[in-house]
Amino acid sequence: MTYPSAPAVLELFKPITWFAPMWAFLCGVVSVGGDSGASWTVVAAGVLLAGPLVCATSQAVNDWFDRHVDGINEPHRPIPSGRIPGRWGFYIAVIWSGVSLAVAWTLGSWVLAATMVGLILAWAYSAPPLRLKQNGWFGNAAVAFCYEGLPWFTGAAIMATVLPDWRILLVAALYSIGAHGIMTLNDFKAIEGDTRMGIRSLPVQLGADAAARLACVMMALPQVAVIALLTLFGQPWHALAVTALLAVQVVLMGKLVADPRGQAARYNATGTTLYVLGMLVAAFALRSS
């Protein structure tokens, strides 16, 4: 039997994609504050769970079920190139799902529940019959929830050792909604390919201009709600900081809407960075409230 090499498996797992859920997990850790029953060893295990385990699993699942399309469009990837031979792409996805659940089980019932939801969505996103990725509304929602809300919840649950405070859950949910817009921006680079393959991303469904405007609204409105909540929670300085970050985003959004295809990648490198910085500011506000 031919086995895949370690570098090929690491490439399959796409480490660059781990940042978003790991950042959201750390926001969840920060948002709890006060005394915690969790050790930093447990927190480190949670970071491992959010990125190199659950997120990596989602990448393996996606590449396995996209292997035929990748064989045409990106034949250099580990599975179509044969560096992940036979059915090893599927085996790795299954094994890593099991490892993720095993680690989550050691971290408590709430973490296990969140991990189960994340893995179910990861498989539903890529695998038939659901293949949520075929529709931008559903696929983007699944990814946004898995990349922002669930990791934030997991980090908070690990620190609190119980169901986190409702304020934490609400802010995490709002940032998940906003991340839907970020996921839409990721689809601009593949409009032509998605059209040919029948993938109904939002830029394909709505057109580039309308999808860009929708993405901006989806990103901005939840942040406005967060600003209002932080003010209500008695954290006006944190609310002001998120407002300033949003104001810069709005300026960049103007450029994005004027040239969606040309500016989508640039906005992802600039506006999205401001978005996730706002997440951390909100986490510190929740910690102080």
Side-chain angles (χ1 to χ4, degrees), residues 17 19-28 31 121 125 132-133 135-153 168-191 194 201-231 238-286:
T17 65
F19 170 78
M22 291 168 68
W23 180 270
F25 175 88
L26 291 174
C27 287
S31 67
L121 288 175
Y125 177 80
L132 298 177
K133 68 181 296 178
N135 186 296
W137 292 105
F138 304 129
N140 290 358
V143 175
F145 187 53
C146 288
Y147 271 45
E148 304 296 353
L150 276 177
W152 190 314
F153 173 88
I168 293 174
L169 300 180
L170 181 55
V171 170
L174 287 168
Y175 276 111
S176 289
I177 295 170
H180 191 287
I182 296 174
M183 297 304 113
T184 298
L185 295 183
N186 290 333
D187 292 331
F188 277 93
K189 64 181 182 293
I191 293 176
D194 287 346
S201 68
L202 291 184
V204 170
Q205 291 186 51
L206 306 176
D209 292 343
R213 289 193 293 270
L214 176 66
C216 290
V217 171
M218 291 291 290
M219 289 183 286
L221 287 185
Q223 294 181 81
V224 172
V226 168
I227 292 166
L229 286 174
L230 297 186
T231 303
H238 293 84
L240 181 61
V242 177
T243 301
L245 291 167
L246 176 57
V248 180
Q249 291 174 65
V250 169
V251 173
L252 297 173
M253 286 174 184
K255 298 179 180 180
L256 172 66
V257 170
D259 181 17
R261 295 196 184 201
Q263 292 293 321
R266 180 172 296 179
Y267 188 91
N268 261 336
T270 54
T272 300
T273 300
L274 298 170
Y275 183 92
V276 299
L277 286 174
M279 290 171 55
L280 186 60
V281 172
F284 275 108
L286 291 167

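One distance of note links OG1 of Thr272 with CD1 of Ile182; it measures 4.5 Å at 0.5 Å rounding. Note: Ile177 CD1 to Leu221 CG = 10.0 Å, rounded to the nearest 0.5 Å. Note that OG1 of Thr184 is 8.0 Å distant from CE of Met219, once rounded to the nearest 0.5 Å. In this structure, CG on Leu277 lies 9.0 Å from CD on Gln249, to the nearest 0.5 angstrom. The structure places CG of Leu240 at 11.0 Å from CG of Leu230, a figure rounded to the nearest 0.5 Å. Separation of atoms NE2 (His238) and CD1 (Ile227) is listed at 13.5 Å; rounding is to 0.5 Å.
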(message) For Leu202 and Asp187: C-alpha separation, side-chain torsions, deciding distance, then whether side chain to side chain contact (heavy atoms under 4.5 Å, CB included) applies.
(response) CA-CA 8 Å; Leu202 291 184; Asp187 292 331; 5.5 Å; no

(message) Apply side chain to side chain contact (heavy atoms under 4.5 Å, CB included) to residues Leu256 and Leu185 and explain how you reach the verdict.
(response) CA-CA 10 Å; Leu256 172 66; Leu185 295 183; 3.7 Å; yes

(request) For the pair Lys255 and Arg266, evaluate side chain to side chain contact (heavy atoms under 4.5 Å, CB included) and give the outcome as yes or no after the intermediate values. (result) CA-CA 10 Å; Lys255 298 179 180 180; Arg266 180 172 296 179; over 6 Å; no

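Under the 4.5 Å side-chain criterion, counting only non-hydrogen atoms from C-beta, Leu229 is in contact with Leu174. Considering only heavy atoms from C-beta on, Pro260 comes within 4.5 Å of Asp209 through its side chain. Gln223 is listed as a side-chain neighbour of Tyr175, based on a closest heavy-atom distance under 4.5 Å. Residues Val171 and Ser31 form no side-chain contact, since every pair of their non-hydrogen atoms from C-beta on lies 4.5 Å or further apart. At a threshold of 4.5 Å between non-hydrogen side-chain atoms, the residues Asn186 and Asn268 count as touching. Contact check for Asn140 versus Met218: no side-chain heavy atoms found under the 4.5 Å cut-off.
Ring-plane geometry between His180 and Trp137 is classed as tilted, the angle between the planes lying from 30 to 60 degrees on a 0 to 90 degree scale.
Of all the heavy atoms in Leu206 and Ala211, the pair that sits closest is CB-N, 4.2 Å. The shortest heavy-atom contact between Ala283 and Cys27 is CB-O, 3.3 Å. Nearest approach of Pro151 to Pro21, heavy atoms of both residues: CB-O, 3.2 Å. In plain terms, the two heavy atoms of Ala264 and Phe188 that are nearest each other are CB-CB, 3.8 Å.
Tyr275 contributes a side-chain N or O that, together with a main-chain N or O of Ala179, makes up a donor-acceptor pair within less than 3.5 Å.
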